[in-house]
Amino acid sequence: MDNATHPPPPTWQHGGVTAATHSTLFPQVPESPDAVLDGLDPEQRAVATALHGPVCVLAGAGTGKTRAITHRIAYGVRAGILQPNTVLAVTFTNRAAGEMRGRLRQLGAGGVQARTFHSAALRQLQFFWPKAVGGELPRIVDRKIQLVADAAAASHIRLDRGELRDVTAEIEWSKVTQTVPGDYAAAAHKVGRESPRHPAEIAQIYADYEKLKRDRGVIDFEDVLLLTVGILQDRQDIAEQVRAQYQHFVVDEYQDVSPLQQRLLDLWLGDRDNLCVVGDASQTIYSFTGATPDHLLNFRTRHPSATVVKLVRDYRSSPQVVHLANGVLARAKGRAAEHRLELISQREAGPEPEYVEYADEPTEAEGAARRIRGLISSGVSAGEIAILFRTNGQSEIYEQALADAGVPYQLRGAERFFERPEVRKAGHSLRAAARFGDNDAGLDEAVDLPSQVRAVLSGEGWTTQPPAGSGVTRERWESLAALARLAEDFARAKPEATLADFVAELDERANAQHAPTVEGVTLASLHAAKGLEWDAVFLVGVAEGMMPISYAKTDEQVEEERRLLYVGVTRARRHLGISWALSRSPGGRPNRRPSRFLDGLRPGSTGPAGRGANGGRGGVEHGVRSDDAAWEPPAGARRRGDRKVARCRVCGHTLDAAEMKLMRCEDCPSDMDEGLYERLIEWRARTAAELGQPAFCVFTDKTLIAIAEASPDDERDLSRIPGVGRRKFRTYGSDVLAICAGQAVGDEVDDVVEDD
């Protein structure tokens, strides 16, 4: 049956361009249905040709699942088996839905609907509301959190900003799991959910929230699904109208379906089984939002006649990365582990994953920045590199390290550290306390700097112990805790520092990180990285307490942390670095250990089969490798296994990470050549202006001070100065050495010529 004989789609089902129109716009459309199948591997082809009955596609990371299901839809449309406007493909993000629509258009199947669950439900709800309920659909609230705040006030419960967001998340979880207020406490306890407030309080706020919505005539995002489900359940005529339009369904990322979304899907289907689902239980990392892999794992039980196809050919990652990914899941437990897929790389061999142990977190961040500079120098685009961490609170130290190294970066899924509301507010309070004093905070000039900072932060809600559970409250605490740790490190480096000095340090850091960036290294949490990929990935902070996170208590929670690491590993195409720090700060007790998930995989750990780690396939980076014979790691750089600490070249005191740039204490006398320093400052300003970059991207002030103090005579001396990495050595080394030798460079040469 062709399009001409099929009725046009109703107004609630937005149409697309026809295949004929698409062929005019995109001449690369496959010429025939069989041509759509060209280039598919045997398993992908099996997916594309399985057009009848229930189909379950178990697709590992990087195995081309989107390619398989879009070619399946396109093949069915081009062969006349599926009518474009009777197919509904649903996924979880607008980005994924847009990508699917684009691929379908390129394959000549432009009339197919590809939407998120909410987008598809909202169109139906808007169309059928007047008929089912009458009048116009209520307005969807823009800011749910304000309603929650009002509901809490009605319940006489006071919530701070972080708690408001966490309670809002609890209400969202309750609704997608179809939990009513009266059942919240029991449901949360059953799944081991850490409630941000007493469960009875949350249940009360939830009940008042629902009442407020009714009184104000508004609905929220979750209500879009709930109300659509209600209409399809109560109105058989409307349900039949929807089912007459949509005859074939495809669901991507099926492991992330919530009970509410599954209920809607069941109502769309009715008693039919024209359903294709695609998912990977090993990538279930959003259970805190209500997602569950149970629907994927139970699919064959619900549909005994289902066609099951496994996609295990990995086209994304090198054999070395895939080997590690398989190893991460080798010791997994639970139902998801029973259905794990053993990936087989289809790419050429690449470098072994690098496991790096650092003395402390600042050194780990600086090490990652150095290694990234090396990759960029070797030709890897900054946009193809990512640093992935477990919590957003970890980002600040990596933002700073990349800024110090002059490496552009961008944050994904989170605000820059110094732009976060709690950090900005804390900064204002610290600035006010430094300027005017703060009796309410109990500040005393006789008290050390860290104690003064902690006193101010206490007024912002910071406590010495972290809050229970995860969520926004925990992330807010992590941000404030990062400020408290920064104060400790700053006071250690400058014992006589005042609160005003600390505020100035915060301002300097914030200004450096606000520098304009172009395409840069991605900084993201592991959750935000899902669905993305890069040529090089650095997984940082992979230590016990962070991976798995300390509040993962149950077996199920720990296994989800393992899957999160698996997702992180499989984001890498070729280069993969995994690192951890033995202590939080320089000179701290080295009482941390690498994540248990690396046992049997990293060199030196015991493997499950009694072999060496990773079967002899792993690699360790002992310090930073040099790709340039003239460049050497700074003299104070720590190497794995080297327990020595850097000491001041003047007084012999132990140095922290910041002081290592000068190789002396901040307060020790400097033997800097003032004239050389001024010439370097002038040269840096001209160079930065020519490049259109902030001055610190050329060299930081501390690096220029270190150069002016060392006054290097040759390449070897210059290369060993902290802050002069491979890239900067190659780019600026000759100029710097010329300036140190008293020679003119750049514009100075032009000035000399004009004077002559």
Side-chain angles (χ1 to χ4, degrees), residues 1-26 29-30 32-33 36 47-55 66 68-92 94 96-129 131-132 224 228 231-232 235 237-252 261 264-278:
M1 182 168 58
D2 59 27
N3 289 335
T5 61
H6 195 83
T11 57
W12 52 270
Q13 193 259 353
H14 179 68
V17 296
T18 64
T21 304
H22 184 276
S23 297
T24 302
L25 297 174
F26 299 90
V29 171
S32 67
V36 173
V47 173
T49 54
L51 296 171
H52 300 287
V55 178
T66 304
I69 58 176
T70 52
H71 281 69
R72 177 182 186 271
I73 295 170
Y75 176 70
V77 169
R78 299 291 299 278
I81 300 171
L82 305 176
Q83 292 303 316
N85 60 346
T86 67
V87 179
L88 177 60
V90 289
T91 186
F92 286 83
N94 289 321
E99 179 184 355
M100 194 177 293
R101 286 194 296 270
R103 293 197 190 195
L104 289 170
R105 284 195 296 269
Q106 292 174 7
L107 294 169
V112 173
Q113 291 299 289
R115 298 191 174 279
T116 64
F117 271 100
H118 281 86
S119 174
L122 180 58
R123 282 188 172 273
Q124 295 175 24
L125 192 61
Q126 289 171 328
F127 184 81
F128 291 114
W129 184 269
K131 179 179 179 180
V224 171
T228 305
I231 288 175
L232 295 178
R235 292 291 299 266
D237 57 329
I238 292 176
E240 290 302 325
Q241 188 174 347
V242 173
R243 292 168 191 159
Q245 178 59 53
Y246 290 126
Q247 316 255 331
H248 196 94
F249 297 84
V250 177
V251 183
D252 192 13
Q261 290 165 332
L264 177 59
L265 180 61
D266 290 339
L267 288 166
W268 282 341
L269 275 166
D271 58 1
R272 301 166 300 174
D273 62 0
N274 288 327
L275 171 65
C276 173
V277 300
V278 188

Within residues 238-247 or reaching into it, pairs that qualify as salt bridge (Lys or Arg N to Asp or Glu O under 4.0 Å) - sequence neighbours excluded: Glu240-Arg243
If you define the side chain from C-beta out and look only at heavy atoms, does anything of His52 sit under 4.5 Å from Ile81? yes
Between Leu51 and Gly76, the two heavy atoms sitting closest are CD1-CA, 3.7 Å
Rounded to the nearest 0.5 Å, what separation is found between the CG atom of Leu267 and the CD1 atom of Ile231? 11.5 Å
Set of side chain to side chain contact (heavy atoms under 4.5 Å, CB included) partners for Ala74, sequence neighbours left out: Val36, Leu107, Ala109
Within the structure provided, determine whether Leu232 and Phe128 are in side-chain contact (heavy-atom separation under 4.5 Å). no
Sub-4.5 Å side-chain heavy-atom contact between Val224 and Phe117: no
Answer whether the closest heavy-atom distance between the side chains of Val47 and Val278 falls below 4.5 Å. no
For the student: nearest non-hydrogen atoms of Val87 and Val112, plus distance: CG1-CG1, 3.8 Å
Report the residues that fulfil side-chain hydrogen bond (donor to acceptor under 3.5 Å, both in side chains) with Trp268, sequence neighbours left out, ordered by chain and then residue number. Gln124
Can you name the closest pair of heavy atoms from Ala121 and Thr228 and give their distance? O-OG1, 3.4 Å
Check whether any side-chain N or O of Gln247 sits under 3.5 Å from a backbone N or O of Leu82 as a donor-acceptor pair, and report yes or no. no
Side chain to side chain contact (heavy atoms under 4.5 Å, CB included) against Asp237, all qualifying residues, sequence neighbours excluded: Lys131, Arg235
For Leu269 against Phe249, the heavy-atom pair lying closest together: CD2-CD1, 3.7 Å
Output yes when a side-chain donor or acceptor of Arg103 lies under 3.5 Å from a complementary backbone atom of Met100, and no otherwise. no
Interatomic distance, CG@Asp273 vs NE2@His248, rounded to 0.5 Å, equals 10.0 Å
Taking the side chain as C-beta and beyond, is there a heavy-atom pair between Val55 and Arg72 under 4.5 Å? yes
Those residues at least two apart in sequence (or on a different chain) that pass side chain to side chain contact (heavy atoms under 4.5 Å, CB included) with Asn94 are Thr116
Name all residues meeting the side chain to side chain contact (heavy atoms under 4.5 Å, CB included) criterion together with Arg101; count only those two or more places apart in sequence or in a different chain, and write none if there are none. Ala97, Arg105, Ala114
